[in-house]
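Comments concern the structure below.
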Amino acid sequence: MSQAPIAEALDLVFWDPSGYRFNNPADWNQWRYVPDGLGGEIGIRFGVSQGFGTFDWNNGGVAPYGSINDGTGAASFGKHEQANLASASVNAVRMQANRQFTGPQNNFTVELDFSRYKGSKVGGQDGVAGANTFIGLSDIYAGLTYAKTVVTITGTLADGKPASPAGWTLVNGRAAPATAGGNQPSAQLSLNNGALQGTNTPAPGGMANSIDTVMGLVRLDAAGYRTLHLRHDIYPVGNNRAPRIDNSGLYVASAFPRKPAQAEPPKAEPPKAEPPQPTQPTVVIKDDPGKRPGSTTSYTFTVKNPDGSVAGKGCFTYKTPEGGGEPELVAFYYHDEVVGTIDRTHVQTFYFDQDDANQRFTFVAGSPAKGICSLTADTTLPAQLTGIGGDGPRRYLDKTLDFPKLAAGTSVTEESTAIPAVDLVVVIDSSVSMKDEAEALSKAVAAAIEAAKTKCPSDLRVTYLGVEGTFKNTRFDTTVKNYLTGTAKADEGALRGRKKGSVTSGGAQEDGARAIEDVTLHYDWRPGARRAVFFLGDEALEGGGADIDKDDLDAANRAIEAAKKGEVRVHTYLGTSGAKAKQRKALEAEYARVADETGGKAFTSQDALNGFQALLEKVICGSKSSVTSTTEFCCCQEYVEQAEHGGH
C-alpha cells in the first residue's frame, strides 16, 4: 500500500447522485443506479452484515441521499496533498447512522457495481473501475476520543475472481488547515490489508487532539474492478455511547489527465456544441421467464384520493427482447390535475417486480418533472406518494397508489351463429342393471332434443347403441357391433369389442372402453360434423366389476387416446350400482377422467334425479362452438389521455 502526493494534474468528474434518495426501509439491499458522469452508470446498494440490525433512522440518523456540490467534499479536495486535483462539482451520497449504538459497534455496508461504468472514457475498459477511478470516504474516525472506524474493502474483478486493494494509492489523510476551536480534522489514515481506518497518530502538522479526518481518498489500480464491497464498522471508544458518526459520505470520481493550455489557432472556428444527450434511466423489470421473446406487455395503475375517488392514472409498457436480456421500458405515462402529464422522458429510476413474495413498483422522476418526485407501491409498507417543491408534498397527503394491474385486451366470447352439424352416439352398457337408465333416457330424448335445439341450434344426428345387447321398448334397439359392421361398413376383424358370451358373466356387455374406442374409430361420422360419444354404465370400463384394475386403466387409456386423435368428446354417466362407497368413489373418478381428458362432461346418478332431459340437454349443448374475440389494449398514451377527459 502506497501513500504519495498526486504529481499529475487531474480533472475529476464525479458521479451524479442528484436523484438518489433512500426512500423507505425497503431500500435496504436494493440496487439503485446513478449516472457516472461519463455516459454510463454506477450501482449502489446499502445493507448491513449478518448479525447486525438495520437502522431505523429515528435515533439521530439520516437515510442516504444524494449531495451535489457537497460542502465537506469540496472543502477537502484541493487540500490533503490534492493540489493538482480539480472538479467542477464534488458530489456524494451521504448518510448519518444512529447516534446510539445497538451492539458492539454500528455496522453498515455499501456495495458498488461498475458493470455499467464507462471506464473507456478515462483510458480503461467499460464495465470495470480502473486506475483513473477514485473512491472517497469522509468522516473516518481515528479513535482518540469518541469512535474508531474501520472500512474493510473487498470486491470482484471482471472475471469474477476476488479483488485486492493492495495496489491502491492513498492520496490524502494528512494535515488540513486549522479549524475553529483549534481542532484539526486530520488524524493519520492507513490502508493496510484492505482495511481503511484512522489511526491514533495525528497527521503530520496536525494537533494531538485530532479525532477524525475529513476525507479518505484512494485511487484504484488497473486490475479492473467489477464490484466493490465497503464494510463500515464504527466501534465505541471507552465508555462512550454516543460517538460522532454523523454525515458519512461516499464519493466516486473519474480522472482525466489535464491537457496543457494551447494557444488558439488563428481564425479557427469554435467546434459546434453537440446537443446534450439524455441520461439513460435506471430500469429494473422482473419479467416472467416464460414471456414470449419480442412481446410487449402493458400495466395500468391508479392513484386514489383519501375518499377512494380516482386522483390520477398511469400506464407503462415494456418489451421482452428478441435475443434475450433485460426487458426494455418502451412507454410510461402518468397524469393527474396536480402534476399534469409525465412521460418516459421524465423517468430517472423505474423498478417493477410483480412476484407475489416481492411485489414492488417504484417510479422516480427527474428533471424536468415539476410536480412529483416518486411513486412507490410496496407490499412491505403502506403505499405512498411523494411530491417535490412548494406545496407538492401537502397536496399528495393521504393519497394511495394501487399496485399495477395487467392491461389485457378486452375479450368477448360469442356463441357461433352458424348451425353446426353434430353427431352424437349414445352408447349404453346392456347388462340388466342398466335397464332402468335405458328406459328413462329413451323417454327423455325427444323433449331433450327439442329443448337443446332452442338453446343451441344444431344439425343434430343421434344414434343409440347397446354394447353387445339391446333393450326392448327403448331407442337402444341396435348393438354397437351390428351398426358398425352394417351401417358403417366396418371390418368386424378391426373391432376390439368382445362377443357376448365370450367373457365370464356379462362382461362383454360392460366393455365400455372398448365400445368407445370402436365407435370413435369406425362410426360413419359426417364430414365436418362435431363428434361426441355419451357412454352410460354402472361398473368398471373393461368387463364390468366394482373394482378398477390395470386392465380397466389400460382399456380406458386406449379409448382416451383414440378419442383425442379422432377429435371426439366423450361424455360419461355412472349409474346406480351395488358398489361400496370406496369402490363407488374410484369408479366416479375413472369415468370423470375419461370425460375430462377428451373435453367432455361427467355425470352420475345424482345428476339425473330430476330426469334425463336436463342431462341430455347439457350433453348436446356441450358440443356447440363459441368464438372469442379480443380487442387489443389501447396504447398507454391513449389510456392516460382518455383518463384526463373522463374516459376509461
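Just so you know, these numbers come straight off a predicted model, no measurement behind them.
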Between L587 and E539, the two heavy atoms sitting closest are CD2-C, 4.0 Å

Looking at D27 and R32, is there a salt bridge between them, counting it only when a charged N and a carboxylate O are closer than 4.0 Å?
yes

Any heavy-atom pair between the side chains of T604 and R584 that's under 4.5 Å?
yes

Set out, in order, the CA-CA distance, both residues' side-chain angles and the distance that settles side-chain contact (heavy atoms from CB on, under 4.5 Å) for D552 and K550, then state yes or no.
CA-CA 5 Å; D552 294 309; K550 183 178 183 302; over 6 Å; no

Smallest separation among heavy atoms of T317 and C636, with atom names:
OG1-SG, 3.1 Å

Does V519 form a side-chain contact (heavy atoms from CB on, under 4.5 Å) with V480? I'd like the steps, not just the answer.
CA-CA 7 Å; V519 169; V480 171; 4.0 Å; yes

More than 12 heavy atoms of other groups within 6.0 Å of N473 CG:
no

Any side-chain heavy atom of T300 within less than 4.5 Å of one from Y639?
yes

Compare all side-chain heavy atoms of S295 with those of K319 and state whether any distance is below 4.5 angstrom.
no

State whether the side chain of D491 and the backbone N or O of G493 hold a donor-acceptor pair below 3.5 Å, judged by distance alone.
yes

Could you tell me whether the side chain of R45 reaches within less than 4.5 Å of the side chain of Q30, counting heavy atoms only?
no

Plane angle bin for Y299 and F316 - parallel if under 30°, tilted between 30 and 60°, otherwise perpendicular:
parallel

Within this structure, what is the CG-CG distance for the pair N557 and L541, rounded to the nearest 0.5 Å?
10.5 Å

T156 OG1 to H229 NE2 distance, which is reported to the nearest 0.5 Å:
11.0 Å

Could K304 and D402 be called an ion pair, given the rule that one side-chain N must be under 4.0 Å from one carboxylate O?
yes

Quick one, D524 with R461, criterion side-chain contact (heavy atoms from CB on, under 4.5 Å). Give me CA distance, side-chain angles, the key distance, then yes/no.
CA-CA 11 Å; D524 54 336; R461 173 194 181 200; 2.9 Å; yes

Looking at side-chain heavy atoms only, is the closest gap between T296 and T320 below 4.5 Å?
no

For the CG atom of N29 and the CD atom of E111, what is their distance to the nearest 0.5 Å?
7.5 Å

Is F332 close to V640 at the side-chain level, that is, under 4.5 Å between some pair of heavy atoms?
no

What are the two closest non-hydrogen atoms of F535 and V467, and how far apart are they?
CE1-CG2, 4.4 Å

Can you name the closest pair of heavy atoms from T572 and A592 and give their distance?
OG1-N, 4.4 Å

Could you tell me whether R498 and D511 have a side-chain N and a carboxylate O separated by less than 4.0 Å?
yes

Are Y483 and Y523 an aromatic pair, judged by ring center distance below 6.0 Å?
yes

Pairwise distance CG(N482) to OG1(T479) - rounded to 0.5 angstrom:
3.0 Å

Are any non-hydrogen side-chain atoms of L536 and M434 less than 4.5 angstrom apart?
yes

Do NZ/NE/NH1/NH2 and the carboxylate oxygens of R514 and E542 come within less than 4.0 Å?
yes

Are the charged groups of D518 and R496 less than 4.0 angstrom apart, N to O?
no

Tightest non-hydrogen contact, residues A529 and V422, listed as CB-N, 4.5 Å

Examine distances only and state if a side-chain atom of R226 and a backbone atom of G127 form a donor-acceptor pair shorter than 3.5 Å.
yes

Verdict with reasoning, E561 to E517, per side-chain contact (heavy atoms from CB on, under 4.5 Å)
CA-CA 9 Å; E561 182 180 1; E517 184 179 356; over 6 Å; no

Check: N305 side chain, G308 main-chain N or O, donor-acceptor pair, under 3.5 Å
no

What I want to find out is whether E567 reaches R531 closely enough, with some N-O distance under 4.0 Å, to be called a salt bridge.
no

CA sep, side-chain torsions, deciding dist, call: S430, Q509, side chain to side chain donor-acceptor pair (under 3.5 Å):
CA-CA 5 Å; S430 66; Q509 296 168 259; 3.2 Å; yes

Step-by-step ring-ring contact (aromatic ring centres under 6.0 Å, His included) determination, F403 to F301:
CA-CA 6 Å; F403 195 79; F301 57 91; 10.0 Å; no

If we ignore hydrogens and angles and just use 3.5 Å, is the side chain of H522 paired with the main-chain N or O of A490 as donor and acceptor?
no

Tell me whether E468 is salt-bridged to K500, with the criterion being a basic N under 4.0 Å from an acidic carboxylate O.
no

Mind checking the CD-CG spacing from E492 to L484? Nearest 0.5 Å is all I need.
10.5 Å

Would you call the rings of F22 and W28 parallel, tilted or perpendicular, where under 30° means parallel and over 60° means perpendicular?
perpendicular

State, to 0.1 Å, how close Q637 and Y333 come at their nearest heavy-atom pair, and which atoms those are.
OE1-OH, 3.2 Å

Give the intermediate values and the outcome of ring-ring contact (aromatic ring centres under 6.0 Å, His included) for residues F350 and F361.
CA-CA 8 Å; F350 182 91; F361 169 54; 5.8 Å; yes

So how far is it from I516 CD1 to F534 CZ, rounded to the nearest 0.5 Å?
11.0 Å

Keeping D423 on the side-chain end and R526 on the backbone end, is there a donor-acceptor pair under 3.5 Å?
yes

Give a yes or no answer on whether the side chain of T598 reaches the backbone of V594 with a donor-acceptor pair at less than 3.5 Å.
yes

Side chains of Y33 and D113: any donor to acceptor distance under 3.5 Å?
yes

Check whether any side-chain heavy atom of Q583 lies under 4.5 Å from a side-chain heavy atom of D547, and answer yes or no.
yes

Is the ring centre of F476 less than 6.0 Å from the ring centre of Y464?
yes

